[in-house]
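The structure appears right after this line, and notes come after that.
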Amino acid sequence: MIEPAASASNACASVPARLLEWVQRGWIRPLDRALTLWLSQHVPPRAAELLYVTALLSRLEQSGHSCLELSGWPACLLDQGVEPQLLHALAGHLPNHSDQLVQALATWEAVYCPRNAEDDQSRPLVLDSSRLYLRRYWQFERRIAQQIRRRIQRPVPLDEHRARLWLDRLFPDAGQSAPDWQKIACAFALTRGFAIITGGPGTGKTYTAARLLVLLSALAQNPQQVQVLLAAPTGKAAARLKRSIEQALSGLQESLAGDEPVTTLLRHAPPALTLHALLGARTGSRALRHHAGNPLPADVLIVDEASMVHLEMMAALLDALSPQTRLILLGDKDQLASVEAGAVLGELCAEPAQRPYHPSTAQNLLQSTGVILPDSWIGPEGSLLAQQVVTLQHSQRFGDDIGQLAKAIRAGDVAQVSTVLNQGGSILWVAPAKLCADGQWRSPSQSCDLVQGYAEYLSLIKAGPEPQEDELSWGLRILHAFDHYRLLCAVREGEWGVQGLNQTVQAALATRGWIADGPEWYEGRPVMVTRNDPELGLHNGDMGIVLRSRASPAQEELRVCFAQGDTLRSVSITRLAKVETAFALTVHKSQGSEFQHAVLVLPPQAQGLTRELIYTAVTRARLRLTVVCPQPEVLFRGVGQPTVRSSGLRSQIDAALSEGCFQAGS
């Protein structure tokens with residue numbers, strides 16, 4: 001319970017030693033302790049409990065939460081991922097009821113309560129209803145909510161006759177009985193300043209975005225002056241977005257017999273940048289070149305892999321757009337969210353699957369574009385934000401069994417997951433007793449070769465360039481072959497994690513004579529950049545292969561080759577300090593990539609394994625999937641455990657939209 005003010009100083013005196021113990025045990029970070037001690041010195045509370053709550057709030061930010069949800073206190077802490085050991089240590093030091101805690105926080109001078117007083121910028125904590133924030137995350141949520149409200153409210157002029165003609169040209173009716181959701185998505189985005197196109201891998205998000213660009217160009221008075229920007233959270237995702245858009249436009253150019261809007265877009269193909277590069281991030285500074293006072297010069301901005309965009313980045317991005325810029329977010333709402341605080345795309349798309357569109361939305365869409373929404377999707381239940389979101393329904397990427405598995409995981413259907421895993425096809429489910437040093441997974445009934453998938457790219461290196469083949473083409477062939485196969489891990493440490501698997505694979509390949517045994521740098525070593533390097537033009541997550549330069553027989557220098565679009569970037573190994581071997585990746589690092597054959601490796605015990613992590617790993621596989629899991633119940637437990645991130649973003653958006661009392665999509 002909350003202690004009386006008279007004993008507050010004595011109670012608070014014991015806090016530093018206890019916090020230090022928790023840091024040493026790894027339950028909280030030094031940063032969490034430092035914040036709490038600063039508050040105890042500058043704004044001392046009347047009760048020590050408030051300092052412990054502050055340490056928990058700071059700790060939860062590391063786990064992706066933007067706030068501490070106090071409703072259901074203290075049981076809610078388990079739902080938010082606080083370690084049971086820490087909760088046990090806190091027993092007796094926390095209030096027993098949320099009302100009691102909220103009342104105490106509301107009277108602490110370190111806390112600002114939006115509904116009770118004018119904002120005091122000096123207060124580092126914010127209590128908004130039942131949510132406690134570090135101020136900056138509360139501000140991020142409010143900025144995002146207000147920016148989305150303004151964009152949804154802004155009317156978008158449209159030449160309805162020409163829009164219908166072009167929509168029908170780009171999406172000809174081929175006698176399909178099912179709705180053309182790609183056409184519906186384009187029609188939505190055409191009539192809005194802010195739109196979200198979501199869907200699983202292979203549903204055609206970038207295919208749809210390319211047609212949207214053609215539409216916008218065709219309907220513009222001067223197509224050559226339409227300023228388009230493409231962006232994604234990582235360098236690899238940005239390169240894939242540009243490549244996918246250009247491929248879709250090339251296909252359209254053939255089918256539309258060289259129409260001017262398509263030709264113009266191909267001739268002036270926009271670059272694809274990381275979000276950091278787009279906004280003008282500077283090394284060693286949080287300041288950005290582009291912001292509300294210096295907005296991005298763009299008529300249209302398309303952001304791919306939006307599920308990876310964290311709260312702070314989304315706030316900065318929206319601030320940096322002029323009111324006239326059309327923003328299109330592409331992404332899979334069911335994938336892993338960013339490793340940093342927030343799950344923005346998931347909250348923007350958090351709607352019931354049934355009947356999300358208002359009758360007025362359907363009528364306005366029919367009137368302006370001629371597109372008909374299915375009756376089964378129309379009803380009064382959807383929010384105003386739902387009128388900006390289209391979910392693409394049909395995937396063309398997977399074999400039937402991989403698609404079935406992804407669907408079952410997304411639904412949390414453990415029984416169906418088990419059925420699909422056991423039916424064979426393009427999915428192999430291995431439950432090995434141990435991982436052997438020769439790279440084999442072995443159990444009494446089956447075995448699986450861990451390293452054979454890397455034979456293709458290593459054989460290309462050994463063979464060298466073909467006659468008349470230059471090093472550029474040879475290097476790109478090797479990098480593409482390397483991307484055919486990858487090991488994906490749920491954890492970093494241990495023999496079942498990234499570190500252990502990279503060592504095992506390296507040793508097994510050396511034993512077979514496929515790579516050199518001993519040196520840190522060797523031809524064929526795959527490396528991943530772990531920190532942005534603006535000087536070299538490399539970004540965190542970029543993948544490269546060590547090759548020996550054959551340009552000069554007298555000096556065969558080892559260099560790391562990176563694919564950058566259709567070109568090859570070669571960097572001397574002496575200039576690369578922040579890289580690590582990457583035969584195996586974490587699932588987080590694999591986002592934005594795809595492999596012909598993906599191998600998901602789960603450890604015997606995995607705390608924090610979630611549905612979204614498993615789904616993300618499974619959907620990296622195009623043709624074949626191997627699931628290695630020594631304890632099947634670990635997999636099933638993860639499928640049944642959706643990610644929960646405490647946030648008030650959706651509440652902030654709904655409140656902001658209700659202020660205007662307008663019809664979104666009208």
Side-chain angles (χ1 to χ4, degrees), residues 201 232-240 274 305 307-308 332 335-340 402 435 439 441 448 450-454 456-458 478-509 515 524-532 538-546 560-563 576 578-603 606 608-610 612-629 635 638:
T234 67
K236 176 173 283 190
R240 285 189 58 228
T274 65
E305 298 291 349
S307 64
M308 299 168 64
D332 185 346
Q335 277 192 30
L336 278 167
S338 165
V339 294
E340 299 184 55
I402 299 178
L435 168 60
W441 306 97
C448 173
L450 180 72
V451 302
Q452 184 61 37
Y454 293 116
E456 180 184 2
Y457 93 93
L458 290 170
I478 291 169
L479 284 161
H480 292 158
F482 176 69
D483 275 344
H484 289 170
Y485 178 82
R486 200 63 46 84
L487 299 172
L488 307 179
C489 303
V491 296
R492 284 195 59 85
E493 288 79 24
E495 67 170 326
W496 303 88
V498 168
Q499 295 175 351
L501 282 178
N502 276 320
Q503 293 173 3
T504 299
V505 171
Q506 208 163 236
L509 291 175
I515 63 172
R525 180 191 179 193
V527 297
M528 181 177 64
V529 178
T530 58
R531 184 177 296 178
N532 292 337
L538 298 174
H539 301 90
N540 186 1
D542 285 352
M543 296 288 301
I545 301 289
V546 177
V560 182
C561 295
F562 299 88
L576 291 171
K578 301 299 180 180
V579 296
E580 60 183 31
T581 302
F583 290 107
L585 303 176
T586 61
V587 176
H588 273 283
K589 288 292 188 180
S590 74
Q591 284 184 274
S593 301
E594 58 186 28
F595 313 102
Q596 291 186 11
H597 183 186
V599 180
L600 170 60
V601 181
L602 300 177
L609 186 63
T610 64
E612 289 77 10
L613 184 143
I614 297 170
Y615 170 83
T616 301
V618 166
T619 53
R620 298 311 91 202
R622 287 181 59 91
L623 302 177
R624 294 177 59 197
L625 172 70
T626 299
V627 179
V628 178
C629 184
L635 171 65

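Ring centroid separation for the pair Tyr454 and Phe583 comes in under the 6.0 Å cut-off.
In terms of heavy atoms, Thr610 sits closest to Leu336 at OG1-CD2, 4.4 Å. Closest heavy-atom contact between Met543 and Phe482: CE-CE2, 3.7 Å. The heavy-atom pair separating Val451 from Ala508 by the smallest distance is CG1-CB, 4.0 Å. The shortest heavy-atom contact between Ala490 and Leu609 is CB-CD1, 4.0 Å. What you find for Gly497 and Cys489 is that their closest heavy atoms are C-SG, 3.8 Å. Shown here for Pro201 and Thr619, the closest heavy-atom pair between the two residues is CG-CB, 3.4 Å.
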- Task: Applying side-chain contact (heavy atoms from CB on, under 4.5 Å), run through Val498 and Val491 and close with a yes or a no.
- Result: CA-CA 7 Å; Val498 168; Val491 296; over 6 Å; no
- Query: For Arg525 and Ile515, what are the C-alpha separation, side-chain angles and deciding distance, and is it a side-chain contact (heavy atoms from CB on, under 4.5 Å)?
  - Reply: CA-CA 8 Å; Arg525 180 191 179 193; Ile515 63 172; over 6 Å; no
- Message: For Val579 and Leu576: C-alpha separation, side-chain torsions, deciding distance, then whether side-chain contact (heavy atoms from CB on, under 4.5 Å) applies.
- Response: CA-CA 7 Å; Val579 296; Leu576 291 171; 4.2 Å; yes
- Test side-chain contact (heavy atoms from CB on, under 4.5 Å) applied to Thr234 and Glu305, step by step: CA-CA 9 Å; Thr234 67; Glu305 298 291 349; over 6 Å; no
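Judged by distance alone, with hydrogens and angles left aside, the side-chain atoms of Thr586 form a donor-acceptor pair with the main-chain N or O of Lys589 at under 3.5 Å. Panel note: side chain Tyr457, backbone Ile545; no donor-acceptor pair is recorded below 3.5 Å. At distances below 3.5 Å, not a single donor-acceptor pair connects side-chain atoms of Asp483 with backbone N or O atoms of Phe595.
Between Arg486 and Leu585, some side-chain heavy-atom pair lies under the 4.5 Å cut-off. His597 has its side chain out of reach of Leu623: every pair of non-hydrogen atoms, C-beta onward, lies at least 4.5 Å apart.
Note on Glu580 versus Arg492: salt bridge recorded, some NZ/NE/NH1/NH2 to OD/OE distance being below 4.0 Å. A salt bridge is defined here as a Lys NZ or Arg NE, NH1 or NH2 lying under 4.0 Å from an Asp or Glu carboxylate O, and Glu594 with Arg620 fails to meet this definition.
Put simply, NE2 on His588 and CG on Leu613 are 6.0 Å apart, with the number rounded to the nearest 0.5 Å. Remark: Leu635 CG to Leu600 CG distance equals 7.5 Å, nearest 0.5 Å. Here the CG atom belonging to Leu625 is positioned 14.0 Å from the CD atom belonging to Gln596, to the nearest 0.5 angstrom. Atom-to-atom distance recorded for Ile614:CD1 and Leu488:CG is 12.5 Å, nearest 0.5 angstrom. Atom-to-atom distance recorded for Thr581:OG1 and Leu501:CG is 12.5 Å, nearest 0.5 angstrom. For the atom pair Arg624 CZ and His484 NE2, the distance stands at 13.0 Å (nearest 0.5 Å).
Using modelled atom types, one finds a donor on one side chain and an acceptor on the other under 3.5 Å when comparing Asp332 with Tyr615. For the residue pair Gln335 and Gln591, a side-chain donor N or O sits within less than 3.5 Å of a side-chain acceptor on the partner.
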